[in-house]
Peer 1: 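Got a structure for you, written out below as structure tokens; questions coming shortly.
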Number of protein chains: 2
Amino acid sequence: MNTQNLRKDVHTDGTPVVCVSCEARHRGVCGALTPEQLTTLSKTSYKHKLGEGHELVGEAEKVESYSNILSGVVKLTKTLADGRQQIVGLQFAPDFLGRPFKADSEITAQAATNVSLCSFPKSVIDRMIRESPGLEHKLLEQTLKELDEARDWMVTLGRKTAAEKVASYILMIARHIDPEAGPEGASATFDLPMTRADIADFLGLTIETVSRQITKLRTDGVIVLENNRHVFVPNVERLELRAGS
Amino acid sequence: MNTQNLRKDVHTDGTPVVCVSCEARHRGVCGALTPEQLTTLSKTSYKHKLGEGHELVGEAEKVESYSNILSGVVKLTKTLADGRQQIVGLQFAPDFLGRPFKADSEITAQAATNVSLCSFPKSVIDRMIRESPGLEHKLLEQTLKELDEARDWMVTLGRKTAAEKVASYILMIARHIDPEAGPEGASATFDLPMTRADIADFLGLTIETVSRQITKLRTDGVIVLENNRHVFVPNVERLELRAGS
DNA sequence: ACCCGACGTTGACGTGGATCAAGCAACGTG
DNA sequence: CACGTTGCTTGATCCACGTCAACGTCGGGT
């Protein structure tokens with residue numbers, strides 16, 4: 001492990017901090033740590049990959065550790081007693097994963113795609129939180145962002161039609177994965193990171209309805225599909241219109 | 001203003017801290033402040049009341065100030081361009097109101113009932129946050145709680161039937177307003193703090209559907225209504241069954 | 001007392017999306 | 001190659017909920 005390089009990355013300009021074990025910037029974590037803390041963290045963190053569908057919680061994986069998502073998409077789901085399921089959140093590439101100050105979240109985290117993570121023990125981070133207030137500030141910011149996203153989605157779940165829901169979903173994915181697609185009449189290309197079943201669970205619909213609405217968007221020329229996963233949006237503004245603002 | 005009393009409240013056992021201007025405990029704020037900060041805050045905070053339906057945001061009220069809710073219920077709503085509305089959160093008596101680090105929340109806060117608040121300027125609190133890390137910790141805890149509630153409600157919005165939604169709503173209100181109603185077969189009595197229109201906006205339904213489902217709960221003996229607002233739940237467990245877990 | 005408006009209930013009817021069911025394409029496996 | 005499996009689409013039917021409309025009830029103002 002090259003501590004020299006680590007130190008240099010921290011000291012030269014302060015901002016771009018890299019975790020030595022996974023060689024990635026940790027949004028919300030490393031950026032708020034002192035060089036000493038970062039070194040400590042690096043000694044206990046480890047990089048690993050998960051296949052699609054792999055569960056991250058309930059098997060003592062998340063409960064005892066926090067993770068940064070290096071690539072892929074993680075879905076947070078809640079399930080009713082009779083099996084009805086709802087996805088309550090999606091975490092993308094640089095997000096932080098893990099619930100501070102609470103072991104039981106009643107939420108299941110599952111890999112929606114292949115995922116690679118950089119994990120470290122809960123105890124180490126919890127101690128660092130107590131030591132450096134900047135870290136807590138980062139956590140608060142991410143939590144506020146998640147709260148905003150959750151509330152945005154509540155409007156979609158409660159008040160939009162199936163057609164608007166599906167358009168909103170595609171638009172959200174486009175903005176996350178292909179953020180270069182500017183707001184002004186630009187086009188976008190990306191892969192849907194989830195199955196139709198996942199999309200349905202996210203939108204509070206059935207797979208049949210999702211399929212029909214996607215077909216409609218396709219026949220109307222709003223999107224172009226390839227292999228059921230690869231999406232091309234020739235005109236993002238047209239998609240925005242379908243999403244019901 | 002009696003600073004002697006204030007100091008005494010802070011010093012004797014540490015925990016029960018009282019704001020001198022509104023004479024109430026402020027969950028999430030005063031409890032994390034030093035005596036000096038509390039004194040400073042008291043000089044700028046002011047207590048006031050708002051009638052039902054009064055807006056707290058968009059008119060420079062919330063943007064430039066934070067508030068503690070002393071009594072009443074505040075609803076947070078989002079509105080689509082065509083007027084469809086969704087309530088994305090409810091804040092009850094000891095909650096903190098106001099979004100740190102962001103002036104534009106795209107959310108409207110309205111008094112759902114008569115509300116009394118204790119407000120103070122954004123700038124004062126923002127400075128105190130920088131000074132005392134305990135305050136930020138409190139904010140993080142409240143934000144996490146709100147996130148949990150939002151995600152619980154997403155399941156209700158996306159996957160529950162109208163009957164289950166209404167039962168879940170009544171149950172949630174019961175637990176907030178009459179928390180003495182123990183989980184084991186106990187009864188509960190309380191007033192619904194919102195109109196049928198608000199309930200509909202909260203549940204993603206129409207007022208007619210809400211009315212029909214309430215009527216059904218009444219004719220089935222799960223609840224007893226009086227004046228359309230006062231509710232008696234003879235057996236909370238029966239209501240829980242209707243809420244679909 | 002009267003009216004009025006806000007709020008709530010109830011009924012009749014239409015429809016969006018769920019449900020049930022069939023079929024298709026891509027894939028890996030014996 | 002036939003075979004099953006998984007993911008997706010499409011069609012036919014049904015029903016939960018929205019929509020439209022009428023009516024009841026309460027409280028406040030003149």
Side-chain angles (χ1 to χ4, degrees), chain A residues 51-53 75 80 82-86 112-114 156-170 191-220 223-231 242 244, chain B residues 51-54 80 82-86 110-114 156-170 191-220 223-231 242 244:
Chain A
E52 185 183 332
K75 56 183 180 182
L80 294 176
D82 60 4
R84 280 175 291 178
Q85 221 173 16
Q86 176 69 46
T113 64
N114 287 342
T156 302
L157 285 175
R159 288 299 181 200
K160 287 191 185 174
T161 65
E164 290 169 333
K165 284 181 180 180
V166 171
S168 300
Y169 169 78
I170 296 177
D191 284 313
L192 290 179
M194 295 152 70
T195 66
R196 300 290 188 272
D198 279 340
I199 299 173
D201 277 348
F202 191 53
L203 297 173
L205 299 171
T206 60
I207 49 177
E208 294 95 330
T209 302
V210 171
S211 178
R212 278 185 249 269
Q213 297 304 333
I214 289 182
T215 301
K216 182 137 202 306
L217 287 176
R218 187 165 44 73
T219 57
D220 290 357
I223 61 173
V224 180
L225 266 190
E226 202 174 303
N227 297 334
N228 284 335
R229 286 294 189 107
H230 193 71
V231 179
R242 301 295 186 109
Chain B
E52 186 183 331
H54 191 288
L80 294 176
D82 60 4
R84 281 175 290 178
Q85 220 173 17
Q86 176 69 46
Q110 266 185 303
T113 63
N114 287 342
T156 301
L157 284 175
R159 288 300 181 200
K160 288 192 184 173
T161 64
E164 290 168 333
K165 284 181 179 179
V166 171
S168 300
Y169 169 78
I170 296 177
D191 283 314
L192 291 180
M194 295 152 69
T195 67
R196 299 290 188 271
D198 279 340
I199 299 173
D201 276 349
F202 191 53
L203 297 173
L205 299 171
T206 60
I207 48 178
E208 294 94 331
T209 302
V210 170
S211 178
R212 279 185 250 269
Q213 296 304 334
I214 288 182
T215 302
K216 181 137 204 303
L217 286 175
R218 186 164 45 71
T219 57
D220 290 358
I223 61 173
V224 180
L225 265 192
E226 203 174 301
N227 296 337
N228 283 335
R229 285 296 189 105
H230 193 72
V231 179
R242 301 296 187 108

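Throughout, protein chains are lettered first and strands after them, A, B, ... in sequence-line order, and every chain is numbered starting at 1. Hydrogens, waters and symmetry mates play no part in the numbers below; they use all other heavy atoms, side chains included.
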Peer 1: What is the per-nucleotide protein-contact pattern of nucleotides 4-11 of chain C, from the 5' end, where B denotes a base atom under 4.0 Å from a protein heavy atom, S denotes such proximity for sugar-phosphate atoms only, and - denotes neither?
Peer 2: ----SBBB
Peer 1: Just the rounded figure in Å: distance from C1' of D/dC8 to CD1 of A/Ile199.
Peer 2: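 The distance from CD1 of A/Ile199 to C1' of D/dC8 comes to 11 Å, rounded to the nearest Å.
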Peer 1: What is the separation between atom NZ on A/Lys216 and atom P on D/dT9, rounded to the nearest whole Å?
Peer 2: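 The distance from NZ of A/Lys216 to P of D/dT9 comes to 15 Å, rounded to the nearest Å.
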Peer 1: Mind checking B/Gly53 for me? I need base, sugar-phosphate or nothing, with any heavy atom below 4.0 Å counting as a touch.
Peer 2: nothing
Peer 1: By salt bridge (charged side-chain N to carboxylate O under 4.0 Å, His left out), which residues pair with A/Lys75, not counting sequence neighbours?
Peer 2: A/Asp198
Peer 1: Throw together a table of side-chain donor-acceptor distances under 3.5 angstrom for residues 207-215 of chain A, partners on residues two or more places apart or in other chains.
Peer 2:
{"unit_1": "A/Thr209", "atom_1": "OG1", "unit_2": "A/Thr206", "atom_2": "OG1", "d": "3.1"}
{"unit_1": "A/Thr215", "atom_1": "OG1", "unit_2": "A/Ser211", "atom_2": "O", "d": "2.9"}

Peer 1: I'd like to check the side-chain hydrogen bond (donor to acceptor under 3.5 Å, both in side chains) partners of B/Asp191; sequence neighbours left out, ordered by chain and number.
Peer 2: B/His230
Peer 1: Just to verify, what does A/Arg159 make a salt bridge (charged side-chain N to carboxylate O under 4.0 Å, His left out) with, not counting sequence neighbours?
Peer 2: B/Asp201
Peer 1: When you measure from the side chain of B/Glu52 to the backbone of B/Ala111, do you find a donor-acceptor pair of N or O atoms at a distance under 3.5 Å?
Peer 2: no
Peer 1: Please answer whether the main-chain N or O of A/Gly51 pairs with a side-chain N or O of A/Asn114 as donor and acceptor at a distance below 3.5 Å.
Peer 2: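 No; zero donor-acceptor contacts below 3.5 Å.
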Peer 1: Please enumerate all residues that pass side-chain hydrogen bond (donor to acceptor under 3.5 Å, both in side chains) together with B/Ser168, with sequence neighbours excluded.
Peer 2: B/Lys160
Peer 1: Is any side-chain nitrogen or oxygen of A/Thr206 closer than 4.0 Å to OP1 or OP2 of C/dG17?
Peer 2: no
Peer 1: Under the side-chain hydrogen bond (donor to acceptor under 3.5 Å, both in side chains) rule, collect the residues that match up with B/Glu164, sequence neighbours excluded.
Peer 2: A/Arg84, B/Thr161
Peer 1: To the nearest Å, give me how far apart NZ (B/Lys160) and C1' (D/dC17) are.
Peer 2: 18 Å
Peer 1: Rounded to whole angstroms, how far apart are CG on A/Asn227 and C1' on D/dT6?
Peer 2: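 After rounding, the gap between these two atoms is 16 Å.
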Peer 1: Give the rounded distance in Å between these two atoms: CG of A/Leu203 and C1' of C/dA18.
Peer 2: 15 Å
Peer 1: Identify, with sequence neighbours excluded, every residue that meets salt bridge (charged side-chain N to carboxylate O under 4.0 Å, His left out) alongside B/Asp220.
Peer 2: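 B/Lys216, B/Arg242.
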Peer 1: Could you check how far CG of B/Leu205 sits from P of D/dT19, rounded to whole Å?
Peer 2: 11 Å
Peer 1: Please report the end-to-end axis angle for the helix from C/dA1-D/dT30 to C/dG30-D/dC1, five pairs per end, rounded to 10 degrees.
Peer 2: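 What I find for the helix from C/dA1-D/dT30 to C/dG30-D/dC1 is an axis angle of 20°.
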